[in-house]
Amino acid sequence: KQISNEEWIIQSGLIGKEHLRLFIKYLKENKKVIPIKIEDKNWNKAEQKPAHTVLNYIQHNPGEKIVLVMGNLHIRKNPFVFNKANQKKKFIPLGFYLNKIATAVRIRYAHGKIYNFRNILVNDKFILQYKKASLQPSRSKYFDWDYIVLKTRPITLIRKI
């Protein structure tokens, strides 16, 4: 099985080589990789739609273990408030709807670059204390675990993996 470029290139650029390696590993193990990208102008509604899709899938496939890959804002277990244009707005993330059935793992990068609609330099001195990639209990109320990645770089074009 192969992953075609069209299925995995997302405009925001948030998928990296690490994700592709994980997806390919699962495909080689005959596991399903199902991309879900549902958008809405209203952020909270946009979070409800994929949550419904996932919950529906789980209901029709009881006992099947699944891995969801999404951004850190989306996987948060608890609602949060952002001050946007001098107005506080409550956001209810997808992870909130899945909190009772899912474990929230945040990927934390120690060093490198990520692309989230723009290039972002990452240099997290706290994460740099770890000497190898590892899974650690999260200190954040929004996540259960933190997966430590020592170095990352964005990909701009998928050709051959």
Side-chain angles (χ1 to χ4, degrees), residues 1-109 113-120 122 135 137-149 152-158 161:
K1 294 180 184 179
Q2 290 192 358
I3 300 174
S4 73
N5 294 354
E6 296 79 22
E7 292 176 276
W8 294 100
I9 293 177
I10 294 179
Q11 291 174 351
S12 66
L14 294 175
I15 289 192
K17 279 189 175 180
E18 295 84 5
H19 295 101
L20 295 174
R21 285 187 191 119
L22 177 67
F23 301 152
I24 289 169
K25 174 183 182 262
Y26 286 153
L27 288 171
K28 286 180 179 176
E29 294 172 2
N30 290 322
K31 295 179 182 171
K32 294 178 194 165
V33 176
I34 306 168
I36 300 173
K37 184 179 184 211
I38 302 172
E39 295 183 13
D40 194 293
K41 289 182 181 181
N42 179 308
W43 197 86
N44 287 332
K45 281 186 181 178
E47 297 295 287
Q48 289 175 349
K49 290 176 182 180
H52 175 73
T53 300
V54 170
L55 291 169
N56 189 41
Y57 182 86
I58 290 170
Q59 183 179 12
H60 288 90
N61 299 279
E64 185 174 328
K65 294 180 182 179
I66 64 172
V67 174
L68 298 173
V69 179
M70 64 190 75
N72 289 345
L73 286 181
H74 306 286
I75 195 56
R76 287 183 176 200
K77 309 186 313 181
N78 302 310
F80 56 94
V81 175
F82 271 149
N83 191 359
K84 194 173 186 177
N86 291 329
Q87 291 184 339
K88 288 186 177 182
K89 185 172 179 187
K90 184 177 182 178
F91 292 91
I92 303 172
L94 188 150
F96 173 78
Y97 301 105
L98 305 177
N99 189 20
K100 293 181 179 160
I101 60 165
T103 300
V105 180
R106 168 177 56 171
I107 298 175
R108 293 192 67 181
Y109 300 107
K113 285 184 182 178
I114 60 171
Y115 186 85
N116 188 356
F117 297 102
R118 69 189 190 291
N119 281 315
I120 300 170
V122 178
L135 189 64
S138 183
R139 295 181 179 186
S140 170
K141 68 178 182 177
Y142 297 110
F143 310 100
D144 298 308
W145 297 89
D146 287 332
Y147 182 72
I148 308 301
V149 176
T152 187
R153 64 185 174 95
I155 59 173
T156 55
L157 185 62
I158 303 170
I161 299 171

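Excluded from the calculations below are hydrogen atoms, water molecules and symmetry mates; all remaining heavy atoms, backbone and side chain alike, are included. Bear in mind the structure is a predicted one, so any value in this text is a computation, not a measurement.
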Listed partners of Y57 passing side-chain hydrogen bond (donor to acceptor under 3.5 Å, both in side chains), at least two apart:
K32, E64
Please identify each residue that fulfils side chain to side chain contact (heavy atoms under 4.5 Å, CB included) with N86, with sequence neighbours left out.
none
Using the salt bridge (Lys or Arg N to Asp or Glu O under 4.0 Å) criterion, which residues pair with K25? Sequence neighbours excluded.
E29
Summary of salt bridge (charged side-chain N to carboxylate O under 4.0 Å, His left out) pairs that have at least one residue in residues 65-77, sequence neighbours excluded:
K77-D144
Just list the side-chain donor-acceptor pairs under 3.5 Å for residues 89-108, sequence neighbours left out, or say none.
{"unit_1": "Y97", "atom_1": "OH", "unit_2": "Q48", "atom_2": "NE2", "d": "3.2"}
{"unit_1": "R106", "atom_1": "NE", "unit_2": "D146", "atom_2": "OD1", "d": "2.8"}
{"unit_1": "R106", "atom_1": "NH2", "unit_2": "D146", "atom_2": "OD1", "d": "3.2"}
{"unit_1": "R106", "atom_1": "NH2", "unit_2": "D146", "atom_2": "OD2", "d": "3.1"}
{"unit_1": "R108", "atom_1": "NH2", "unit_2": "D124", "atom_2": "OD2", "d": "3.0"}

Run the side-chain hydrogen bond (donor to acceptor under 3.5 Å, both in side chains) test against N44 and tell me which residues pass, sequence neighbours left out.
none
Measuring from K49:NZ to D40:CG, what's the distance to the nearest 0.5 Å?
4.0 Å
So among F143, W43, F80, which one has a ring pair (Phe, Tyr, Trp, His ring centres under 6.0 Å) with H74?
W43
At what distance, to the nearest 0.5 angstrom, does CD1 of I58 lie from CD1 of I66?
4.0 Å
With sequence neighbours excluded, residues passing side-chain hydrogen bond (donor to acceptor under 3.5 Å, both in side chains) with N56
H60
Contacts of Y142 that satisfy side-chain hydrogen bond (donor to acceptor under 3.5 Å, both in side chains) - sequence neighbours left out
none
Which heavy atom of F82 sits nearest a heavy atom of L73, and at what distance?
CZ-CD2, 4.1 Å
